[in-house]
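For this chain, numbers begin at 1 and follow the sequence in order.
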Amino acid sequence: MKIQAVVFDMDGLMFDTENLTYTLQKEIMHRDFGVQFSLSQYKQTIGKRFVDLPQLFEDLYGEGFDFERFHESCRSEFISYTDKFGVPIKDGLFELLDELKRRKIKIALATSTSTKSAMRMLKIAKVADYFDEFVCAEDVTHGKPDPEPFAKAAEKLGVAPENCLALEDSFNGIRSAYGAGMVTVMIPDLIEPTDEIRALCRKVCVDLVEVINLV
């Protein structure tokens with residue numbers, strides 16, 4: 001296996017934003033909507049395309065749930081928090097990025113987040129300059145678990161998918177990267193892999209530090 005490029009997911013993989021998002025969303029649900037938002041319910045949103053979320057919340061809370069109001073509150077509070085406190089970084093991120101640069105291995109991002117939001121977070125965390133290419137929500141027709149995001153990242157990098165290492169924390173992300181033909185590695189965040197997902201992974205790592213030994 002000759003790894004020529006590494007393709008990163010973002011939320012839950014590079015940044016500890018899943019825990020932060022759940023904390024903010026749980027409070028908003030209780031304060032503004034008078035309902036409970038459990039961790040198991042939040043986990044259903046992880047790795048899903050934004051366009052699919054309104055239906056998910058209607059399924060959870062009934063027809064007519066004001067998803068737009070909920071989303072705007074979440075976005076506003078997330079921006080306020082990260083403006084004040086920064087973006088929480090996952091262990092080993094800078095060590096891994098520095099090692100990839102040292103070895104002259106190409107780096108890309110494949111995220112379901114919009115370009116505007118992704119670039120804002122990358123710049124706050126001071127990691128944007130590490131990346132050679134970016135694939136964000138607007139750049140694809142079909143999001144994860146479709147292979148398109150990772151296939152497009154490989155295309156933009158000019159590297160065959162089989163020579164790309166894909167790093168993901170979500171089930172849909174793993175399915176997407178595997179479907180694109182990449183070497184898939186999962187670093188679980190809030191959700192541990194099932195037997196099905198483990199079968200799609202070359203390895204399941206504890207953190208990004210462990211990934212350094214794979215490249």
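- Taking OG1 of Thr21 as the reference point, atom CZ of Phe78 lies at 5.0 Å (rounded to 0.5 Å).
- Judged by distance alone, the side chain of Asn19 and the main-chain N or O of Asp16 form no donor-acceptor pair under 3.5 Å.
- The backbone N or O of Thr17 lies less than 3.5 Å from no partner atom in the side chain of Asp11, so there is not a single donor-acceptor pair.
- With Ser176 contributing its side chain and Asp146 its backbone, the two residues share a donor-acceptor pair below 3.5 Å.
- Judged by distance alone, with hydrogens and angles left aside, the side-chain atoms of Lys156 form a donor-acceptor pair with the main-chain N or O of Phe134 at under 3.5 Å.
- When the shell of 6.0 Å around CZ of Phe57 is examined, it contains more than 12 heavy atoms from other residues, nucleotides or ligands.
- Here the closest heavy-atom approach between residue Ala118 and residue Thr111 is recorded as CB-CG2, 4.2 Å.
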Next item on the list: Evaluate the criterion side-chain contact (heavy atoms from CB on, under 4.5 Å) for residue pair Val135 and Glu148; output intermediate values, then yes/no.
Entry: CA-CA 10 Å; Val135 177; Glu148 185 181 356; over 6 Å; no
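- By the 4.0 Å N-to-carboxylate-O rule, Arg31 lies close enough to Glu77 to be salt-bridged with it.
- Counting heavy atoms of neighbouring residues, nucleotides and ligands inside a 6.0 Å radius, atom CD of Glu68 does not exceed 12 of them.
- No continuous path of ILVMFWY side-chain contacts below 4.5 Å connects Phe150 to Leu100, so the two sit in separate hydrophobic clusters.
- The CD atom of Glu99 sits 9.5 Å away from the CG atom of Asn213 when rounded to the nearest 0.5 Å.
- Listed here is the closest heavy atom pair of Asp169 and Glu18: OD2-OE2, 4.4 Å.
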Next item on the list: Could you go through the salt bridge (Lys or Arg N to Asp or Glu O under 4.0 Å) check for Lys123 and Asp129 one step at a time?
Entry: CA-CA 8 Å; Lys123 288 175 181 176; Asp129 291 344; over 6 Å; no
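- A heavy-atom distance below 4.5 Å is found between the side chains of Pro193 and Pro188.
- Taking both residues in full, the closest heavy atoms of Lys144 and Asn172 are given as CB-O, 3.9 Å, listed atom of the first, atom of the second, then distance.
- Between the side chain of Lys101 and the backbone N or O of Tyr130, at least one donor-acceptor pair lies under 3.5 Å.
- In this structure, the side chains of Met121 and Met10 come closer than 4.5 Å at one or more pairs of heavy atoms.
- Thr184 contributes a side-chain N or O that, together with a main-chain N or O of Leu200, makes up a donor-acceptor pair within less than 3.5 Å.
- The distance from the SG atom of Cys164 to the CD1 atom of Ile105 is 11.0 Å, given to the nearest 0.5 Å.
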Next item on the list: Applying side-chain contact (heavy atoms from CB on, under 4.5 Å), run through Leu165 and Met182 and close with a yes or a no.
Entry: CA-CA 6 Å; Leu165 183 70; Met182 292 190 179; over 6 Å; no
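- At least one side-chain heavy atom of Leu53 sits less than 4.5 Å from a side-chain heavy atom of Thr45.
- Distance alone, capped at 3.5 Å, places no donor-acceptor pair between the Gln4 side chain and the Asn163 backbone.
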Margin query: Is there a side-chain contact (heavy atoms from CB on, under 4.5 Å) between Ile3 and Leu214? Walk through the geometry before answering.
Written below: CA-CA 9 Å; Ile3 297 300; Leu214 302 179; over 6 Å; no
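- Going from atom CZ of Arg103 over to atom CD1 of Ile212 covers 8.0 Å, rounded to the nearest 0.5 Å.
- Contact of the Lys26 side chain with the His30 side chain is not registered, since no non-hydrogen atoms from C-beta on lie closer than 4.5 Å.
- Taking OG of Ser170 as the start and CD1 of Ile187 as the end, the distance is 11.0 Å to the nearest 0.5 Å.
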Notebook entry, point to check: Where do Cys74 and Ile28 land on the side-chain contact (heavy atoms from CB on, under 4.5 Å) test, with the steps shown first?
Noted result: CA-CA 7 Å; Cys74 295; Ile28 290 167; 3.8 Å; yes
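- Transitive grouping of hydrophobic side chains (ILVMFWY, heavy atoms separated by less than 4.5 Å) brings Val35 and Tyr42 into a common cluster.
- The pair Glu210-Lys203 meets the salt-bridge criterion, since a charged nitrogen lies less than 4.0 angstrom from a carboxylate oxygen.
- At a threshold of 4.5 Å between side-chain heavy atoms, the hydrophobic network of Ile, Leu, Val, Met, Phe, Trp and Tyr places Met29 and Tyr81 in two separate groups.
- Of the charged side-chain nitrogens involved, at least one lies within less than 4.0 Å of a carboxylate oxygen, so that Glu72 and Arg75 count as a salt-bridged pair.
- Nearest heavy-atom pair across Arg120 and Ile79 is NH2-O, 3.1 Å.
- Side-chain atoms of Lys90 never come within 3.5 Å of backbone atoms of Leu13 as a donor-acceptor pair (strictly under, hydrogens ignored).
- Side-chain contact annotation: Ser114 with Ser117, donor-acceptor N/O pair under 3.5 Å present.
- Side-chain atoms of Arg69 and Asp32, non-hydrogen and from C-beta on, do get closer than 4.5 Å to each other.
- Atom CG of Asp83 is separated from atom CD1 of Ile124 by 5.5 Å, given to the nearest 0.5 angstrom.
- Using a 4.5 Å cut-off between side-chain heavy atoms of Ile, Leu, Val, Met, Phe, Trp and Tyr, with links allowed through other members, Tyr22 and Phe15 fall into different hydrophobic clusters.
- For Tyr61 and Phe33, the ring centers are positioned 6.0 Å apart or more.
- Classified by interplanar angle (parallel below 30°, tilted 30° to 60°, perpendicular above 60°), the ring pair Phe70/Phe67 is tilted.
- Each of Leu109, Asp9, Ile89, Leu96 was checked for a side chain to side chain contact (heavy atoms under 4.5 Å, CB included) with Met14, and the lone residue meeting it is Leu109.
- Ring planes of Phe131 and Phe8: perpendicular class, angle over 60° (limits at 30 and 60°).
- Contact of the Phe65 side chain with the Leu60 side chain is not registered, since no non-hydrogen atoms from C-beta on lie closer than 4.5 Å.
- Between Arg175 and Glu168 there is no salt bridge, since no side-chain nitrogen of the basic residue lies less than 4.0 Å from a carboxylate oxygen of the acidic one.
- Gln41 places a side-chain N or O within donor-acceptor distance of the main-chain N or O of Ser38, the cut-off being under 3.5 Å.
- Closest non-hydrogen pair, Gly92 versus Val209, comes out as CA-CG2, 3.5 Å.
- For the residue pair Pro161 and Ala180, the shortest heavy atom distance occurs at CB-O, 3.1 Å.
- Note on Leu97 and Leu167: same hydrophobic cluster, where clusters join Ile, Leu, Val, Met, Phe, Trp and Tyr whose side-chain heavy atoms are under 4.5 Å apart, directly or indirectly.
- Put simply, the side chain of Glu138 gets close to the backbone of Thr115: a donor and an acceptor are under 3.5 Å apart.
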